[in-house]
Amino acid sequence: MLFAFSVAPTGGGSADGSVHDAVAEAVSIVRSSGLPHQTGPMFTTIEGDWDECMDVIKRATEAVTKRAPRVSLVVKADIRPGHDHGEIEGKVQRLNAAIDQMESGK
């Protein structure tokens, strides 16, 4: 399973609207989890089974909650039985192959 999530403090914070310190704590939890992961500018994607991913998301959210009285959490899951691991890279590889094939056929 793949879970893409974004967790950030809302309502206050620094004058420039930056949330990177709180988000850094959440991403640190993801990195120390041992799960395959990728962090982009808006979401972090983790790969694992339901319980282990939800545990990481919960702990990351709790870390941000310690820094702010209100937190926003967005979660998206790709639940695909039979594809237990390697999808965090595999999906992107298949997409790139399809794009290459499309572009070479023009």
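For the pair V64 and A26, the tightest heavy-atom approach, listed with the atom from each and the gap, is CG2-CB, 3.9 Å. Of all non-hydrogen atoms in G48 and C53, the two that sit nearest each other are N-SG, 3.3 Å.
A 4.5 Å side-chain heavy-atom check between T45 and F5 finds every atom pair outside the cut-off. Between Q93 and E87, every side-chain heavy-atom pair lies at or beyond the 4.5 Å cut-off.
Applying the salt bridge (charged side-chain N to carboxylate O under 4.0 Å, His left out) definition to pairs two or more places apart or across chains, those involving residues 22-33 are E25-R67. Judged as a ring pair (Phe, Tyr, Trp, His ring centres under 6.0 Å), not a single pair has a partner in residues 51-80 (not counting sequence neighbours). For the salt bridge (charged side-chain N to carboxylate O under 4.0 Å, His left out) condition, the pairs that include at least one residue of residues 45-56, sequence neighbours left out, are D55-R59. Counting only residues at least two apart or in different chains, side-chain hydrogen bond (donor to acceptor under 3.5 Å, both in side chains) contacts with residues 32-41 comprise Q38-E89, T39-T44.
The structure places CG of D100 at 9.5 Å from CG of L95, a figure rounded to the nearest 0.5 Å. Summarising the geometry, atom CG belonging to L35 is positioned 13.0 Å from atom NE2 belonging to H85; distances are rounded to the nearest 0.5 Å. Atoms OG1 and NZ, from T65 and K58 in turn, are 11.0 Å apart once rounded to the nearest 0.5 Å.
In this structure, T61 contributes its side chain and I57 its backbone to a donor-acceptor pair below 3.5 Å.
Cluster membership for V7 and M54, using ILVMFWY side-chain heavy atoms within less than 4.5 angstrom, is shared. Criterion: ILVMFWY side-chain heavy atoms under 4.5 Å apart, direct or through other members. Under it, V19 and V27 are part of a common hydrophobic cluster. Linking Ile, Leu, Val, Met, Phe, Trp and Tyr whenever their side-chain heavy atoms come within less than 4.5 Å leaves I46 and V23 in two separate clusters.
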For residues 69-78, which side-chain N or O atoms pair as donor and acceptor with protein atoms under 3.5 Å away, sequence neighbours left out?
| from | atom 1 | to | atom 2 | distance (Å) |
| --- | --- | --- | --- | --- |
| D78 | OD2 | K91 | NZ | 2.5 |

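In the hydrophobic clustering, where aliphatic and aromatic side chains (Ile, Leu, Val, Met, Phe, Trp, Tyr) are joined below 4.5 Å either directly or transitively, I88 groups with L2.
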Exercise for review: Report the C-alpha separation of I79 and W50 in whole Å, then their side-chain angles, then the decisive distance to 0.1 Å, and conclude whether the side-chain contact (heavy atoms from CB on, under 4.5 Å) test is met.
Suggested key: CA-CA 9 Å; I79 303 163; W50 183 271; 3.9 Å; yes
